[in-house]
Amino acid sequence: MLGSGDGSPVDTLRLMTQVLVLNGPNLGRLGARQPEIYGSQTYEDLVTTCRTEAEALDLRVDVRQTDDEAQLIAWLHESVDTGAHVVLNPAAFTHYSYATRDACAMVTDAGLVLVEVHVSNPAAREEFRHTSVVSGVATGTIAGFGLDSYRLALRAVAAKVTG
Ligand code: DQA
């Protein structure tokens with residue numbers, strides 16, 4: 001039953017926009033991994049940053065990380081099935097995983113927002129990082145702002161969803 005339905009003063013249902021924040025391989029090692037490139041903030045800081053920003057934007061967020069390509073693809077399928085928007089840091093999969101790209105295309109083809117994010121700015125790094133096979137099917141990309149990339153991505157989802 002939705003709400004109390006008995007005429008009591010507060011009988012409202014708020015449908016919140018759902019966002020999956022998905023992180024690919026090695027991002028669980030943030031803080032310890034090449035801090036000169038990725039900064040000193042940890043994956044736990046990333047989770048807190050996303051939850052705090054989502055609350056301020058009235059978004060319902062679920063933050064996850066995996067080193068497994070199949071798991072990441074299963075989560076992208078889940079977003080299509082549940083109608084959740086996606087903030088995705090594909091990490092190294094960005095540069096070569098056509099399977100990840102194809103799953104991302106299903107998300108945006110379903111009319112959902114998918115923002116590709118990066119902590120660093122791959123365009124300013126080694127040549128192999130200049131190619132993203134994901135960008136062409138993403139709604140947009142935000143890179144180079146550390147954990148603020150995630151805050152900006154969540155704002156982009158909120159702006160896009162509210163029109
Ligand atoms: C990254 C950039 C990728 O090139 C790299 O493989 C990562 C992290 C970033 O957030 O800056 O693992 O996606």
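Since the model is a prediction, treat every value here as computed from it, not as a measurement. Just follow the structure's listing: the first ligand is 1, and inside any ligand the first atom is 1. Residue numbers run from 1 in the order of the sequence given.
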Checklist entry - Just distances here: any N/O of Thr94 and N/O of ligand 1 closer than 3.5 Å? => result no

Item to check | Residue pair Val80 / Leu112: nearest heavy atoms and the distance that separates them | outcome: CA-CD1, 4.0 Å

Item to check | For Leu59 against Leu154, the heavy-atom pair lying closest together | outcome: CD1-O, 3.7 Å

Checklist entry - About how many Å separate CG of Leu76 and CD of Gln71, when rounded to the nearest 0.5 Å? => result 10.0 Å

Checklist entry - Regarding Gln18 and Thr82, is there a side-chain donor-to-acceptor distance under 3.5 Å anywhere? => result no

Next on the checklist: Taking Ala138's backbone N and O only, do any of them form a donor-acceptor pair with Thr108's side chain (distance below 3.5 Å, no angle check)?
Outcome noted: no

Next on the checklist: Main chain of His118, side chain of Asn89: is a donor-acceptor contact present, judged purely on distance under 3.5 Å?
Outcome noted: no

Checklist entry - Any idea which protein heavy atom is nearest atom 9 (C) of ligand 1, and the distance to it? => result Val119 N, 3.4 Å

Next on the checklist: Heavy-atom pairs closer than 4.0 Å: do any link ligand 1 to the side chain of Arg33, the backbone, both, or neither?
Outcome noted: side chain

Checklist entry - So which heavy atom on Ser97 is nearest to which on Val133, and how close? => result O-CG2, 3.5 Å

Checklist entry - How does Asn89 reach ligand 1, if at all, at less than 4.0 Å between non-hydrogen atoms: by side chain, backbone, both, or neither? => result side chain

Item to check | Under 4.0 Å to a heavy atom of Ala92 - the qualifying atoms of ligand 1, by number | outcome: 6 (O), 12 (O)

Next on the checklist: Counting non-hydrogen protein atoms only, what is the nearest one to atom 6 (O) of ligand 1? Give residue, atom name and distance.
Outcome noted: Arg129 NH1, 3.1 Å

Next on the checklist: Test your reading of the model: is there a side-chain donor-acceptor pair from Arg151 to the backbone of Glu53, 3.5 Å cut-off?
Outcome noted: no

Checklist entry - Below 4.0 Å from any atom of ligand 1, is there a heavy atom belonging to His130? => result no

Checklist outcome for this item: min-distance protein heavy atom vs atom 11 (O) of ligand 1 -> Ser120 OG, 2.6 Å

Checklist outcome for this item: Note: His118, heavy atoms under 4.0 Å from ligand 1, region reported as both

Checklist entry - So, is Arg125 polar-close to ligand 1, with some N/O to N/O distance under 3.5 Å? => result no

Checklist entry - For ligand 1, which atoms, with element, lie under 4.0 Å from some heavy atom of His95? => result 3 (C), 4 (O)

Next on the checklist: Please report whether ligand 1 has a polar contact with Leu27, defined as an N or O pair separated by less than 3.5 Å (distance criterion only).
Outcome noted: no

Checklist entry - Just wondering, more than 12 heavy atoms not from Tyr43 lying within 6.0 Å of its OH? => result yes

Item to check | Nearest candidate to atom 7 (C) of ligand 1, where distance is taken over non-hydrogen atoms, out of Phe128, Phe93, Tyr38, Tyr150 | outcome: Tyr38

